[in-house]
Amino acid sequence: MNKNPTAEQTDAPPRVVFQTVNITKTYQMGEVQVHALRGVDLELYEGEFVVMLGPSGSGKSTLLNILGGLDAPSSGTVHYEDHDLSTFKDSVLTRYRRDHVGFVFQFYNLIPSLTARENVALVTEISAHPLAPDEALKLVQLDERMDHFPAQLSGGEQQRVAIARAIAKRPNVLLCDEPTGALDIKTGIVVLEALAKVNRELGTTTVVITHNVAIAEMADRVFNLSDGKIANVKVNTHKKSPNELSW
Ligand SMILES: Nc1ncnc2c1ncn2[C@@H]1O[C@H](COP(=O)(O)OP(=O)(O)OP(=O)(O)O)[C@@H](O)[C@H]1O
Ligand SMILES: [Mg+2]
C-alpha cells in the first residue's frame with residue numbers, strides 16, 4: 001500500500017492537508033520584537049514526506065509548532081483539512097493535536113518507570129482508533145524489546161519507542177523536530193527507516209526538521225527556510241531510501 005501521491009504518479013492532483021497563507025510569528029521580548037516567521041505560504045500534500053532545512057533561528061520549530069497546534073501565528077491563516085486552526089480555541093486545539101497529530105522530538109521523553117509497551121499504551125488508551133501497542137512497536141522493529149525499560153534501550157531504540165508512541169493513535173500527520181539530532185549516523189538511519197516505513201505503510205503525512213542536508217535526499221519535497229521565510233522548495237524525482245544516505 002502506498003498512499004503517497006507524489007510517489008504514485010497518479011493523474012489526480014495531490015490532496016492538500018495543510019495550507020498556510022502569509023503566516024507570521026512575532027515574539028515580544030521586552031522592548032525587542034523577534035520576527036520568527038515573516039510570511040510563510042505553504043501547502044502540504046496527503047501522504048508526502050517533507051524535510052525542512054535551514055540555519056538555526058530560521059523559524060523551523062516555530063512553523064512546525066504552528067502546524068501541530070502547539071502555537072498560534074501572530075497573523076495569517078493555517079488550515080488543516082477544512083479546519084481553520086488559526087481560529088481554534090485552546091480546547092479545540094488540544095482535541096486537534098490528540099486526534100490528528102503525532103510529535104517526535106530530539107529527546108524522547110519516555111516515562112522511565114514504564115516499559116516500551118506501557119509507554120505506547122499510555123497513548124493508545126486515550127485514542128479512538130489506535131494500533132495495538134505491540135503492532136506499533138513491531139512497525140518500528142522493536143518487537144523483541146517491548147518489555148524493556150527506557151534505561152535498558154539504546155538512544156535509537158528509545159527514539160523508535162517514541163515514534164511508535166506517536167504513530168499508535170494513527171495520526172494523519174507526523175511532525176518530527178530533529179528526530180536524529182542526538183544519534184550517531186548508524187542509529188540515525190535506523191530511526192529514519194522507521195519514519196519512512198510509517199509514511200509508506202500508514203500513509204502518514206510526515207514533516208522532518210533536520211540540520212543534516214543528507215537526510216533531504218529521502219524526502220518527496222525539501223523546504224529551505226531562511227530568516228523566517230521559505231527560501232525555496234525542491235522536489236526530489238528520485239528519493240533515496242535511508243540506507244543509501246551517508247553523512
Ligand atoms: N518562545 C520564544 N520567545 C522568544 N523568541 C523565540 C521563542 N521561540 C523562538 N524564538 C525566536 O524565533 C526565532 C526562530 O526560532 P525557531 O526555534 O523556530 O528556530 P529554528 O529554525 O527551529 O532553530 P534551531 O535550528 O536552532 O532549532 C529565533 O530567533 C528564536 O530565538
Ligand atoms: Mg528548532
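Each ligand, and each atom within it, is numbered from 1 in the order the structure gives. Remember, predicted model here, so these are calculated numbers, not experimental data. Counting from 1, the numbers follow the sequence of the chain as shown.
With a 4.0 Å heavy-atom cut-off, ligand 1 is reached by no atom of Lys25. When non-hydrogen atoms are compared, ligand 1 lies under 4.0 Å from the backbone of Thr62 as well as from its side chain.
Under 4.0 Å is where a charged nitrogen must lie from a carboxylate oxygen, and between Glu48 and Arg15 no such pair does. Ion pair Lys239/Glu217 not flagged as a salt bridge, since none of the NZ, NE, NH1 or NH2 atoms sits closer than 4.0 Å to an Asp/Glu carboxylate oxygen.
Side chains of Asp184 and Thr187: a donor-acceptor N/O pair is present below 3.5 angstrom, by distance only. In summary, the side chains of Asn172 and Tyr80 do present a donor paired with an acceptor at a separation below 3.5 Å, with no hydrogens or angles considered.
Side-chain contact between Lys197 and Leu195 is absent, with no heavy atoms from C-beta onward closer than 4.5 Å. Within the 4.5 Å cutoff, the side chain of Thr20 has no heavy atoms near those of the Thr77 side chain. With contacts defined as side-chain heavy-atom distances shorter than 4.5 Å, the pair Val78/Ile66 qualifies. Phe223 is not listed as a side-chain neighbour of Val51, based on a closest heavy-atom distance of 4.5 Å or more.
Protein heavy atom closest to atom 4 (C) of ligand 1, with residue, atom name and distance, is Met29 SD, 3.2 Å. Ranking the protein heavy atoms by distance from atom 26 (O) of ligand 1 puts Ser56 OG, 2.6 Å first. The closest protein non-hydrogen atom to atom 25 (O) of ligand 1 is Lys60 NZ, 2.7 Å. Nearest protein neighbour of atom 17 (O) of ligand 1, counting heavy atoms only, is Ser61 CB, 3.8 Å. Protein heavy atom in closest approach to atom 29 (O) of ligand 1: Val34 CG1, 3.7 Å. The nearest protein atom to atom 6 (C) of ligand 1, hydrogens excluded, is given as Tyr27 CD1, 3.2 Å; this is a heavy-atom distance.
Of all atoms in ligand 1, listed by their number and element, those nearer than 4.0 Å to a heavy atom of Glu178 are 25 (O), 27 (O). Using a 4.0 Å cut-off to heavy atoms of His211, the atoms of ligand 1 that qualify are 25 (O).
Because the distance cut-off is set at 2.8 Å, Ser56 fails to qualify as a neighbour of the Mg ion (ligand 2), as none of its N, O or S atoms comes that close.
Proximity of a side-chain donor or acceptor of Thr94 to a complementary backbone N or O of Val92 within less than 3.5 Å is not detected.
In this structure, atom 13 (C) of ligand 1 has a protein heavy-atom contact shorter than 4.0 Å. Distances from atom 23 (O) of ligand 1 to the protein include at least one heavy-atom value under 4.0 Å.
Of the N or O atoms in Gly57, one or more lie within a sub-3.5 Å distance of an N or O in ligand 1. Ligand 1 has no nitrogen or oxygen under 3.5 angstrom from a nitrogen or oxygen of Ala36.
Between Arg160 atom CZ and Gln141 atom CD the span is 7.0 Å, to the nearest 0.5 Å. For the atom pair NE2 of His79 and NE2 of His83, the computed distance is 10.0 Å after rounding to the nearest 0.5 Å.
Look at His35 and you'll find every heavy atom at least 4.0 Å from all atoms of ligand 1. Distances shorter than 4.0 angstrom occur between a heavy atom of Ser58 and an atom of ligand 1. Residue contacts with ligand 1: Pro55 is included, with a non-hydrogen atom under 4.0 Å away.
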